[in-house]
Amino acid sequence: MDSASNWEFAASIAAVSIGLSGLLLFTMLSVIGSWRVLERGTSASTEAAKTMIVIQDLARQLAVREISRSPAADVSQAATQLSGLRVQADALLQQQTRLQDAVRNLVEAGVLRSEGSSAELKDLEGAVKRLEENLARIAAAVANLGPRQP
């Protein structure tokens, strides 16, 4: 082998090494990005669950207040409060829908699919399902709070 072929061989080894190091760097950035997305999704799911609990308590308090009111209570004030509660429930449903869409998009994109995060993904999906069930209960409670005919 002459020095030119040795030089070409060394250059090809260097090119392969540089290419593999770039691939390693890209993979590491992807793993870190996936981990951050999973962390944010989990925290968003936790916050949504906490919000759902607060809304349930609010709905319970409003239901108790509605039952304990006398028939001569101001109906317009109750209607205003009820419409405000419905607006809040609608906003929560929209947020929940956006959260579900974001999680589905992440799962479909493969960002949340890795061997180490399957348990976290199942926890996240379980939290989203519980959120859906509780928001359905809240929507039913809000619908039942509508103005009642004597």
Visitor: Do Val31 and Val37 belong together in a cluster built from hydrophobic side chains that touch within less than 4.5 Å?
Guide: no

Visitor: In Å, rounded to the nearest 0.5 Å, how long is the span from OG of Ser5 to CD of Glu8?
Guide: 7.0 Å

Visitor: State which residues pass side-chain hydrogen bond (donor to acceptor under 3.5 Å, both in side chains) with Glu39; sequence neighbours excluded, sorted by chain then number.
Guide: none

Visitor: Less than 4.5 Å apart, side chain to side chain, heavy atoms only: is that true for Phe9 and Ile13?
Guide: yes

Visitor: Any heavy-atom pair between the side chains of Leu20 and Leu24 that's under 4.5 Å?
Guide: no

Visitor: Considering only heavy atoms from C-beta outward, does the side chain of Met52 approach that of Ile55 to under 4.5 Å?
Guide: no

